[in-house]
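No experiment lies behind these values; they were computed from the predicted model shown. Chain A is the first sequence line, chain B the second, and so forth, proteins listed ahead of strands; every chain is numbered from 1.
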Number of protein chains: 2
Amino acid sequence: MIEDLGRAMIEALEEDIREKFRRSGYTLTSQRRAVLDALEEAGGHPSTEDVYLIVKQKNPRVALGTVYQALSVLEEIGVITSKHWAESPTRYDLNVRPHLDIRCTRCSQVSEVPGVELGNLESQIRQNTPYEVQSTTLVVEGLCPNCQKG
Amino acid sequence: MIEDLGRAMIEALEEDIREKFRRSGYTLTSQRRAVLDALEEAGGHPSTEDVYLIVKQKNPRVALGTVYQALSVLEEIGVITSKHWAESPTRYDLNVRPHLDIRCTRCSQVSEVPGVELGNLESQIRQNTPYEVQSTTLVVEGLCPNCQKG
DNA sequence: TGCAAAACAGGAACGGTTATTGATCGAGGA
DNA sequence: TCCTCGATCAATAACCGTTCCTGTTTTGCA
Ligand SMILES: [Mn+2]
Ligand SMILES: [Mn+2]
Ligand SMILES: [Zn+2]
Ligand SMILES: [Zn+2]
């Protein structure tokens with residue numbers, strides 16, 4: 001789980017991040033670096049607002065729009081990914097490998113679900129539609145352990 | 001596909017609809033009937049706005065808020081279902097049986113994908129998360145045949 | 001037919017996101 | 001090192017889909 005990676009791992013990824021910026025032509029500005037750091041600090045799957053609040057702690061001058069734009073650039077160059085759940089803002093993830101996340105319908109906490117195998121699902125879909133399939137995403141919701149007690 | 005059902009089938013469902021209203025305590029008002037008719041007329045998987053525009057043709061006094069509320073009631077009592085795709089408004093469906101829909105990322109047209117078997121996916125998920133799973137939805141996007149030519 | 005409850009029309013407000021504009025930054029060349 | 005110009009940024013307005021609010025109309029029911 002990305003939550004457990006910690007600073008050491010982030011620094012191991014450092015060179016990869018620089019490489020992606022270099023290849024894209026975008027510049028790794030202090031704001032984009034701050035957004036990346038905030039994503040790490042947030043730990044889980046923060047919304048833009050979550051990231052904004054963390055970034056503002058260290059640099060109160062940063063604008064919300066800048067965070068939106070930074071996240072969009074970071075996603076475009078493959079440094080982060082995003083996921084959408086209904087009735088919830090977009091959430092971002094340092095884990096760019098395909099994986100399953102579940103969101104609590106009560107407190108919005110997102111956790112990763114390991115060991116789920118989608119099998120031949122995508123090829124099944126391709127065989128049964130004339131559409132050119134671009135993405136198939138499994139959106140899972142439920143009650144987190146904490147909220148089950150309530 | 002619900003698009004091919006036509007008026008005969010809708011009238012066959014008529015009694016079922018009345019029954020669901022009766023059991024829920026909601027009343028089948030003229031506006032809710034108009035929304036239902038509009039869903040049928042729209043044919044596919046219309047958004048609230050789509051439904052609103054059709055309803056307004058016959059009754060220009062109906063308010064957009066009323067359409068939102070009517071669709072919400074119809075969904076609550078199980079007469080219709082809704083689905084969400086990222087970057088697209090909620091879409092409604094007269095087909096209340098579990099099934100797969102794919103949305104075109106270019107023109108937003110939604111079509112149903114038959115013959116896809118999810119298998120033990122949900123039980124796999126339940127085994128790998130402490131969350132109490134409430135819903136797992138497969139969200140599929142692609143390019144429809146028309147838009148592939150463009 | 002009369003009354004309370006439900007539903008409605010119209011419009012304001014809302015949350016998340018994108019667009020616009022002018023100021024600032026910073027990489028690369030003189 | 002200093003300039004320059006495109007990239008980025010801050011601030012704020014606008015946008016879109018949706019919900020909420022208020023006063024009015026309709027409905028089911030006694
Ligand atoms: Mn994740
Ligand atoms: Mn459908
Ligand atoms: Zn929870
Ligand atoms: Zn299309």
Side-chain angles (χ1 to χ4, degrees), chain A residues 18 20-38 42 45-53 55-77 79-80 82-92 103 105 108 110, chain B residues 18 20-38 42 45-77 79-80 82-92 103 108 110:
Chain A
R18 264 196 290 273
K20 283 172 176 168
F21 267 100
R22 203 182 50 70
R23 291 160 57 118
S24 72
Y26 288 112
T27 56
L28 178 41
T29 64
S30 68
Q31 288 90 345
R32 286 168 184 162
R33 159 49 37 97
V35 164
L36 224 27
D37 290 348
H45 298 75
S47 65
T48 306
E49 183 79 18
D50 296 335
V51 171
Y52 172 58
L53 292 176
V55 167
K56 246 200 346 190
Q57 285 172 15
K58 283 164 189 161
N59 181 359
R61 287 189 54 76
V62 71
L64 178 56
T66 301
V67 176
Y68 271 102
Q69 195 215 227
L71 288 168
S72 146
V73 166
L74 290 170
E75 182 174 20
E76 181 187 336
I77 69 179
V79 171
I80 63 177
S82 72
K83 279 182 183 153
H84 302 264
W85 281 264
E87 299 165 83
S88 175
T90 300
R91 292 175 177 278
Y92 291 90
R103 171 183 166 268
T105 51
S108 265
V110 174
Chain B
R18 265 196 289 272
K20 283 173 176 167
F21 267 100
R22 205 182 48 70
R23 291 160 57 119
S24 70
Y26 288 113
T27 55
L28 178 40
T29 65
S30 68
Q31 289 91 342
R32 286 168 184 164
R33 159 49 36 95
V35 164
L36 224 26
D37 290 349
H45 299 75
S47 66
T48 307
E49 182 80 18
D50 295 335
V51 171
Y52 173 59
L53 292 176
I54 294 171
V55 166
K56 247 197 347 188
Q57 285 173 14
K58 282 164 190 161
N59 181 359
R61 289 188 55 77
V62 71
L64 178 56
T66 301
V67 175
Y68 271 101
Q69 195 215 232
L71 288 168
S72 146
V73 166
L74 290 169
E75 181 174 21
E76 182 187 336
I77 69 179
V79 171
I80 64 177
S82 71
K83 279 182 184 153
H84 302 264
W85 281 264
E87 299 164 85
S88 175
T90 300
R91 292 174 176 279
Y92 291 90
R103 170 182 166 269
S108 265
V110 175

For the pair made of [atom1] in [X] and [atom2] in [N], what is the distance, rounded to whole Å?
| X | N | atom1 | atom2 | value |
| --- | --- | --- | --- | --- |
| Trp85(A) | dG16(C) | CH2 | P | 15 Å |
| Leu64(A) | dA10(D) | CG | C1' | 11 Å |
| Tyr52(B) | dG17(D) | OH | P | 14 Å |
| Tyr68(B) | dG11(C) | OH | P | 17 Å |
| Glu76(A) | dA7(D) | CD | P | 13 Å |
| Leu28(B) | dA7(C) | CG | P | 11 Å |
| Glu49(B) | dT18(D) | CD | P | 10 Å |
| Arg18(B) | dG28(D) | CZ | P | 13 Å |

When you get a sec, tell me which of [options] is the closest nucleotide to the side chain of [X]?
| X | options | result |
| --- | --- | --- |
| Pro89(B) | dA7(C), dG17(D), dT8(D) | dG17(D) |
| Thr66(B) | dA10(D), dC8(C), dT18(D) | dC8(C) |
| Ala63(B) | dA9(C), dC9(D), dT17(C) | dA9(C) |
| Arg61(B) | dG17(D), dT17(C), dG10(C) | dG10(C) |

Applying side-chain contact (heavy atoms from CB on, under 4.5 Å) to Tyr92(A) and Val51(A), what does each step give before you reach the verdict? CA-CA 9 Å; Tyr92(A) 291 90; Val51(A) 171; 5.7 Å; no

Using a heavy-atom cut-off of 4.0 Å across all strands, would you classify [X] as base, sugar-phosphate, or nothing?
| X | result |
| --- | --- |
| Thr90(B) | sugar-phosphate |
| Gln31(B) | sugar-phosphate |
| Thr27(B) | sugar-phosphate |

Kindly determine whether Asp37(B) and Ile54(B) satisfy side-chain contact (heavy atoms from CB on, under 4.5 Å), including the steps that lead there. CA-CA 9 Å; Asp37(B) 290 349; Ile54(B) 294 171; over 6 Å; no

For a side-chain contact (heavy atoms from CB on, under 4.5 Å) check, start with the C-alpha distance between Leu74(A) and Phe21(A), then their side-chain angles and the critical distance, and finish with the verdict. CA-CA 9 Å; Leu74(A) 290 170; Phe21(A) 267 100; 3.7 Å; yes

Specify the residue among His84(B) and Gly65(A) whose closest nucleotide of DNA chain D lies further upstream toward the 5′ end.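 Closer to the 5' end of DNA chain D: Gly65(A).
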
Show, in sequence, the C-alpha distance, side-chain angles and deciding distance for Val79(A) and Val73(A), and conclude whether the side-chain contact (heavy atoms from CB on, under 4.5 Å) test is met. CA-CA 9 Å; Val79(A) 171; Val73(A) 166; over 6 Å; no

For Thr27(A), is there any backbone N or O sitting under 3.5 Å from a side-chain donor or acceptor partner on Arg32(A)?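 Yes.
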
Any donor-acceptor N/O pair, Asp50(A) side chain to Ser47(A) backbone, under 3.5 Å: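 Side chain of Asp50(A) to backbone of Ser47(A), a donor-acceptor pair under 3.5 Å: yes, one is there.
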
Please figure out whether Val67(B) or Glu87(B) has its closest DNA chain C nucleotide nearer the 5' end.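 Mapping each residue to its closest nucleotide by heavy atoms, the 5'-most match is Val67(B).
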
Does OP1 or OP2 of [N] have a side-chain N or O of [X] closer than 4.0 Å?
| X | N | result |
| --- | --- | --- |
| Thr29(B) | dA6(C) | no |
| Arg32(B) | dA7(C) | yes |
| Gln69(A) | dA7(D) | no |
| Thr48(B) | dG17(D) | no |

